[in-house]
Every structure is written in structure tokens, then in C-alpha cells.
Amino acid sequence: MDFKEIISFKALRKFDAMCLKNEKLHQNKELQQQILSWAAELLKEAREDWGNLHATTFEAIIAEDRKAQAQKRGKARDNKYAPFREYFKKVQKEKFMEYKKAGQKLTANRFVEWFLENTAENIEIPYRQSNLKNKLIQLAQINNCEFKKSF
């Protein structure tokens with residue numbers, strides 16, 4: 001085994017100096033080889049552990065950055081939809097009160113159907129056309145819960 005690839009030249013020089021000062025160690029070449037093998041194995045394991053730790057840390061940093069970027073995109077998307085949600089809530093509240101005065105219940109589905117038939121042409125709805133009705137129903141359900149709690 002070539003220890004120069006694993007153990008630095010400076011560390012090998014210190015080991016040689018230690019062997020020269022210790023008479024028993026200087027005379028026992030087999031013990032020197034065992035010590036060098038042990039040190040090389042120890043260094044190799046430590047480098048593997050450090051490499052694993054480095055990889056794990058790097059992966060955690062990347063994951064955290066991705067999470068932060070996703071949250072940032074989510075907030076930007078939320079800001080895009082906020083004006084429409086406010087308008088939708090205002091219209092729904094007016095309709096909710098109208099139905100309440102008449103003694104009827106305004107369901108989320110009924111309101112969305114009315115909204116799409118009567119006001120959807122006048123306003124730009126930010127949701128995709130393929131998922132438009134589902135998103136509006138979800139939004140109407142949330143608003144209905146809020147209205148019911150306040151009355």
C-alpha cells in the first residue's frame with residue numbers, strides 16, 4: 001500500500017521522526033507498517049464520513065433553497081389572485097345577503113353558476129379555463145364558511 005496517496009508527506013516525516021526517537025519502534029518495521037495501515041484506514045474512513053456529511057449538508061441547503069423559492073413563487077401567485085378574490089368575495093357577500101333576506105341558502109355551487117352566467121364576461125378571472133369552475137367553487141365554499149360564522 002502506498003501511504004503517500006493517503007497520508008500527507010508532512011505527517012509521514014513526523015512518523016519517521018517518531019520512529020527514530022523510539023528505539024523499539026525503530027527496530028520493529030512490522031509494527032511501523034501496522035501503525036501506518038491503521039492511520040491510513042482511519043484517514044480513509046474520516047474522509048468518507050466527511051464526504052457523506054458534505055453531501056448531506058449540500059443536499060439540505062439545496063432543499064431549503066428550493067423550499068424558499070417555492071414559497072416566494074407562491075406569494076407572488078397569491079398576490080396575482082388577491083384582487084380577484086376580493087372582488088369575488090364582495091359579489092358573493094352581496095348575493096349571500098340577498099338570499100338570506102329571502103330566507104334561502106346560497107350554496108357555493110349555485111353562486112358559482114350564477115357568477116359564471118352573469119358577471120364572468122365583465123372581469124378577467126386569473127384561473128385556468130380547465131380548472132376554473134373547481135377553483136371558484138373552492139373559493140366560494142371558503143367565503144360561505146366565513147359568512148356563516150359572521151352571522
Side-chain angles (χ1 to χ4, degrees), residues 1-19 31-151:
M1 178 182 262
D2 191 14
F3 299 111
K4 292 176 186 175
E5 294 175 8
I6 299 171
I7 302 173
S8 71
F9 180 74
K10 188 176 179 181
L12 285 173
R13 297 283 293 169
K14 286 182 181 179
F15 181 72
D16 283 344
M18 187 173 66
C19 289
L31 181 58
Q32 289 177 18
Q33 286 294 357
Q34 288 176 346
I35 292 172
L36 284 175
S37 294
W38 171 79
E41 187 177 316
L42 184 72
L43 282 172
K44 188 176 178 182
E45 289 175 4
R47 287 179 183 160
E48 286 175 4
D49 289 345
W50 182 85
N52 292 338
L53 180 64
H54 181 265
T56 303
T57 304
F58 195 68
E59 289 171 6
I61 290 169
I62 289 172
E64 194 61 32
D65 184 56
R66 284 183 182 155
K67 182 179 175 183
Q69 292 297 325
Q71 289 173 344
K72 186 178 177 183
R73 286 190 305 272
K75 285 180 183 177
R77 187 172 45 251
D78 189 54
N79 289 339
K80 175 184 168 187
Y81 297 140
F84 172 75
R85 281 195 315 263
E86 292 301 317
Y87 171 76
F88 187 78
K89 187 175 183 178
K90 179 184 166 206
V91 172
Q92 186 179 359
K93 189 169 188 175
E94 290 171 3
K95 257 327 201 191
F96 184 84
M97 296 305 290
E98 184 181 310
Y99 270 70
K100 188 172 177 151
K101 286 179 184 177
Q104 298 176 338
K105 287 186 178 180
L106 178 64
T107 64
N109 288 345
R110 187 184 301 174
F111 174 73
V112 169
E113 291 295 330
W114 176 86
F115 184 81
L116 290 174
E117 289 173 8
N118 297 306
T119 60
E121 296 169 359
N122 303 335
I123 188 166
E124 183 180 333
I125 302 173
Y127 301 112
R128 290 186 180 165
Q129 194 64 33
S130 62
N131 202 20
L132 177 71
K133 193 171 182 179
N134 289 335
K135 286 294 189 179
L136 291 177
I137 289 171
Q138 288 174 354
L139 188 56
Q141 287 171 340
I142 292 169
N143 290 341
N144 267 355
C145 288
E146 189 176 315
F147 298 152
K148 288 175 185 177
K149 286 180 185 177
S150 64
F151 293 108

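Under a 4.0 Å N-O distance rule, the pair Glu146/Lys149 does not qualify as a salt bridge.
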Tabulate below the donor-acceptor pairs under 3.5 Å that side-chain atoms of residues 39-46 make, not counting sequence neighbours, or state none.
none

Side-chain donor/acceptor pairs under 3.5 Å, residues 48-61, sequence neighbours excluded:
unit_1: Asn52; atom_1: ND2; unit_2: Glu48; atom_2: O; d: 3.4
unit_1: Thr56; atom_1: OG1; unit_2: Asn52; atom_2: O; d: 2.8
unit_1: Thr57; atom_1: OG1; unit_2: Leu53; atom_2: O; d: 2.7

Could you list the donor-acceptor pairs under 3.5 angstrom formed between side-chain atoms of residues 129-145 and any protein atom two or more places apart in sequence or on another chain?
unit_1: Asn131; atom_1: OD1; unit_2: Asn134; atom_2: ND2; d: 3.4
unit_1: Lys133; atom_1: NZ; unit_2: Glu113; atom_2: OE2; d: 2.3
unit_1: Asn143; atom_1: ND2; unit_2: Gln92; atom_2: OE1; d: 2.9
unit_1: Asn143; atom_1: ND2; unit_2: Leu139; atom_2: O; d: 3.4
unit_1: Asn144; atom_1: OD1; unit_2: Gln92; atom_2: NE2; d: 3.0
unit_1: Asn144; atom_1: ND2; unit_2: Leu106; atom_2: O; d: 3.0

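For Phe88 and Phe111, the distance between ring centers is under 6.0 angstrom.
Of all heavy-atom pairs between Phe147 and Lys89, the closest is CZ-O, 3.6 Å. Considering all non-hydrogen atoms of both residues, Lys148 and Phe96 come closest at CG-CZ, 4.2 Å.
The CZ atom of Arg110 sits 13.0 Å away from atom CH2 of Trp114, with the distance rounded to the nearest 0.5 Å.
For Gln69, the side chain to side chain contact (heavy atoms under 4.5 Å, CB included) test picks out Asp65, Lys72, Arg73, with sequence neighbours left out. Looking at residues two or more places apart in sequence or on another chain, you find no side chain to side chain contact (heavy atoms under 4.5 Å, CB included) involving Lys101. Annotation: side chain to side chain contact (heavy atoms under 4.5 Å, CB included) contacts of Lys75 (sequence neighbours excluded): none. With sequence neighbours excluded, the residues that form a salt bridge (Lys or Arg N to Asp or Glu O under 4.0 Å) with Arg85 are Asp78. For Tyr87, there are no ring pair (Phe, Tyr, Trp, His ring centres under 6.0 Å) partners at least two apart in sequence or on another chain. Residues forming a ring pair (Phe, Tyr, Trp, His ring centres under 6.0 Å) with Phe15 (at least two apart in sequence, or on another chain): none.
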